[in-house]
Amino acid sequence: MTDFARTRAFFDLPADVIYLDGNSLGPLPKSAVQAVAQTMQKDWGQQLIRAWNSAGWVDKPRQLGDRIARLIGAPAGSVVMGDTLSIKVFQALSAALALRPDRKVILSDNGNFPTDLYMAQGLVGLLGKGLELRIVEPEAVEAAIDEAAAVVMLTEVDYRTGRLHDMAAITEKAHRAGTLTIWDLAHSAGALPVDLAGAKADFAVGCTYKYLNGGPGAPAFIHVSPEHAEHAEPSLAGWFGHEAPFSFETQYRPAPGIERMRVGTPPILGMIALEAALEVWDEVDLADVRRKSIELSQLFIEQVERRCPALALASPRDPARRGSQVSFRFEHGYAAMQALIAHGVIGDFRAPDIMRFGFTPLYLRESDVLEAAHILERIMRERLWDDARYMARSAVT
Ligand SMILES: *Cc1c(COP(=O)(O)O)cnc(C)c1O
């Protein structure tokens, strides 16, 4: 059994805040402060360039990849860290397309995150060859898979509504049509059990600053199934993905396996913060996380529906069809969220009208959820949101 009092103590949480936005940026793990300071002072400061070897910096992308692999049901040696999620989407998609050279369609849905769709549009423009990005409703994806589709590229948990795709069923349908799959796990990794190997997923990508608490701009990950790892063409042929980076050859040769998905020099300070953040997972059972996340989100839905009749549930009501977030629609959702934040409850807003709340059992308790619902009720009942201060939009919402 996971001891959630212990996991909560792992984080440095402001005393006057209830944090319901760990799905956007996880909180600070106390140990990350120490780890990054030590790396800066001892390794960077004293070891200088030697630290690439002496502190093992050069191996971090692969080592941390193995730690993430355990959280997403992927075998060791199938995940590597680096760059941003947008870049990893590009890499996975270009590799998948190269494995299906005769097919023209990238299939995705309109619940996918914009950057995933933008990367696909950019790649279509770059490659030409009659490629097409086909975007359907999330519920229509399975039926839209056919033999024209090179790849189906989906985010497992919808960033706005929390709707959860059936990874196993969609992957199976895709494979029957000879179509490859790319799963974006941005809102899955660390939020719920994922079984990439069980689903036989071909590619997966994700970020580590959301439920994995790696810090702002933490490195992303990419998984390539062992079946494809030796054939996948790394379109971003960087020197760290070369078979022998320090031979400095003029000709690119891909490294064996997943290492070829590395690009350039890894962001070590971010990796060290992430390494510290990942320690908490050693004492966590993701089945417990899922169970408690469902308890907390069901409690929130029940409380908000009872207390705030103006808010309409935008997430699936069935917890089995939902990730670890709950969203409500409200016409003045932006102002209401700003008011809520000003009253100590941090969630976020997604245009046009979605108030989004993330439930993260590692540091959230039932009492936090009840208090958050009370504060939200007050903001709605007393129309505290109806105030010019809360209407002006910031750059990040
Ligand atoms: C958060 C998120 C991203 C963000 O990509 P970055 O390159 O890290 O900015 C991409 N895709 C999905 C599905 C996300 O939820």
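Indexing begins at 1, ligand by ligand and atom by atom, following the structure's order. Position 1 is the first residue of the sequence; numbering continues from there. All heavy atoms count here, side chains included; hydrogens, waters and symmetry mates do not.
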Can I get a per-line list of side-chain donor-acceptor pairs under 3.5 Å for residues 296-313, giving both atom names and the distance, sequence neighbours left out?
residue	atom	partner	partner atom	Å
Ser297	OG	Ser293	O	2.4
Gln298	OE1	Arg322	NH1	3.2
Gln298	OE1	Arg322	NH2	2.7
Gln303	OE1	Arg307	NE	2.7
Gln303	OE1	Arg307	NH2	3.0
Glu305	OE1	Arg317	NH1	2.9
Glu305	OE2	Arg317	NH1	3.4
Glu305	OE2	Arg317	NH2	2.8
Arg307	NH1	His374	NE2	3.3
Arg307	NH1	Glu377	OE1	2.8
Arg307	NH2	His374	NE2	3.4

Q | Connected-component partners of Trp57 among ILVMFWY, side-chain separation under 4.5 Å | A |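 When side chains under 4.5 Å apart are linked, the cluster holding Trp57 also contains Val36, Met40, Trp44, Ile49, Trp52, Val58, Trp239, Phe240, Phe246, Phe248, Ile268, Leu269, Ile272.
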Q: With sequence neighbours excluded, tell me which residues meet side chain to side chain contact (heavy atoms under 4.5 Å, CB included) with Thr179.
A: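 Here the qualifying residues are Arg103, Ile145, Ala149, Val152, Ala174, Ala177.
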What does the N/O contact table under 3.5 Å look like for ligand 1?
residue	atom	partner	partner atom	Å
ligand 1	7 (O)	Leu85	N	3.4
ligand 1	7 (O)	Ser86	N	2.8
ligand 1	7 (O)	Ser86	OG	2.6
ligand 1	8 (O)	Tyr209	OH	2.6
ligand 1	11 (N)	Asp116	OD1	2.8
ligand 1	11 (N)	Asp184	OD2	3.1
ligand 1	15 (O)	His187	NE2	2.9
ligand 1	15 (O)	Lys210	NZ	2.5

Q: Cation-pi check, Lys292 to Phe4: give yes when NZ or CZ is under 6.0 Å from the six-membered ring centre and within 45° of the ring axis, no otherwise.
A: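 Geometry flag: set, cation within 6.0 Å and 45°.
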(Q) Centroid separation under 6.0 Å, is that true for the rings of His242 and Tyr252? (A)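 Yes, the ring of Tyr252 comes within the 6.0 Å limit of the ring of His242, centre to centre.
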Q) Below 4.0 angstrom, N of the basic side chain to O of the carboxylate: do Asp282 and Arg67 qualify? A)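 Arg67 and Asp282: salt-bridged.
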